[in-house]
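Here is the structure we will look at, set down as structure tokens.
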Protein chains: 2
Amino acid sequence: MLSQKGRYALRALLVLSEHSGERPMMISEIAAQAKVPRKFLEQILLDLKRRGIVRSVRGRQGGYMLGRAPKDITFADVIRQTDGPLALSPCVSATAYHRCADCVDEATCAIRKVLLAARDATAAVLESSNLASTAPLRRPRRAA
Amino acid sequence: MLSQKGRYALRALLVLSEHSGERPMMISEIAAQAKVPRKFLEQILLDLKRRGIVRSVRGRQGGYMLGRAPKDITFADVIRQTDGPLALSPCVSATAYHRCADCVDEATCAIRKVLLAARDATAAVLESSNLASTAPLRRPRRAA
DNA sequence: CGAATCCCGATTTGTTCTATCGAAATTTCC
DNA sequence: GGAAATTTCGATAGAACAAATCGGGATTCG
């Protein structure tokens, strides 16, 4: 399961990606639209900023914007930052690999084989889904 | 990531599935072979028992055995019991569905679509992997 | 300067994870 | 019938983590 933080991050980023204006968007504005507690969102955005997923402008008229094009921000990027590796075990993680402490032989470990397949399957989905592909193309203002 | 408990459970069950004798296997024997702290394993096996994944015999000469054929115990069964749902969000869980508290419209939620695809991909792997398919067919006693 | 806004460290509160302890219940064996 | 072996169960402890908040520092605009 994703943490609450992870779900908040995804929601906030979708809000940001739909806000196509040139001006950055204030934290409180994002918080309101994404329904995320303001102070908590502050932390989350800082995290995402460290990964380059968002950029910020300080001072008056400041705020946040996406760090790159929506199509270049995958769900995997976001989830890895907020919730850690996609893998079910460190020994099959692409981004945070480390050998299990009590592993006898990684090459023949039956568990590892399955968890590796699971990771690959999950990653295939999350790395091919991005903020652009999932957002509604354009929200109609009224009933068509 | 799986919890330590989840990894322990998988290891213990693989040990049990390779122990093809008719007699049940004692907790301490399983613990030694699977390298799991004895008392912790006790709790884990009780959990697995509630799900019918293992059965037990009490008293002298007692111990644990698989609750059904190894091929009928999937990784998904085990992980769901020890670590909870495979899904990344309750709203896409097959076994523990519930609507997100602040969800506006589940049918059009962009996040949900992706998480649902991720769950399906993960479940496909973990539900088709079982204790029999992954265990070495027969461990050679010595170098062949 | 002063107001608006992001930045950052600390703290709080509650929950989960990992592991252990001690004793009760059950069964076998003599 | 009693002793020994074994599972069962409730309680506990400490560490780590999650969710959220607080208060003030740093930066920029007007």
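Letters A, B, ... mirror the listed sequences (proteins, then strands); counts begin at 1.
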Nearest-neighbour nucleotide for the [X] side chain, [options] considered:
{"X": "B:F40", "options": "C:dA10, D:dT8, C:dA19", "result": "C:dA19"}
{"X": "B:K49", "options": "C:dA19, D:dT8, C:dG22", "result": "D:dT8"}
{"X": "A:Q43", "options": "C:dA25, D:dA19, C:dA10", "result": "C:dA10"}
{"X": "B:I27", "options": "D:dT7, C:dC29, C:dT18", "result": "D:dT7"}
{"X": "A:Q4", "options": "D:dA19, C:dT18, C:dT5", "result": "D:dA19"}

*Quick one: on DNA chain C, does B:G59 or A:L46 contact a more 5' nucleotide (nearest heavy atom)?*
A:L46
*Using the closest heavy atom to pick a nucleotide of DNA chain D for each, name whichever of A:S3 or B:M25 lands nearer the 5' end.*
B:M25
*Starting at the 5' end of DNA chain D and moving along, which residue's nearest nucleotide shows up first, A:L2 or B:S28?*
B:S28
*asked:* With a 4.0 Å cutoff (strictly under), does any side-chain N or O of A:S56 reach OP1 or OP2 of C:dC7?
replied: yes
*At under 4.0 Å, does any side-chain N or O of A:Y8 touch on OP1 or OP2 of D:dA19?*
no
*Separation of atom NZ in A:K39 from atom C1' in D:dA19, rounded to whole Å*: 14 Å
*asked:* Just the rounded figure in Å: distance from C1' of D:dA26 to CZ of A:R60.
replied: 16 Å
*Go through B:N130 and B:T74 one step at a time and tell me if the side-chain hydrogen bond (donor to acceptor under 3.5 Å, both in side chains) criterion holds.*
CA-CA 4 Å; B:N130 58 65; B:T74 67; over 6 Å; no
*Under 4.0 angstrom, heavy atoms only, what part of the nucleic acid is B:L45 near: base, sugar-phosphate, or nothing?*
nothing
*For A:K49 and A:S56, what are the C-alpha separation, side-chain angles and deciding distance, and is it a side-chain hydrogen bond (donor to acceptor under 3.5 Å, both in side chains)?*
CA-CA 8 Å; A:K49 185 182 167 185; A:S56 66; 3.0 Å; yes
*Are any side-chain N or O atoms of B:R55 and backbone N or O atoms of B:M65, one a donor and one an acceptor, separated by less than 3.5 Å?*
no
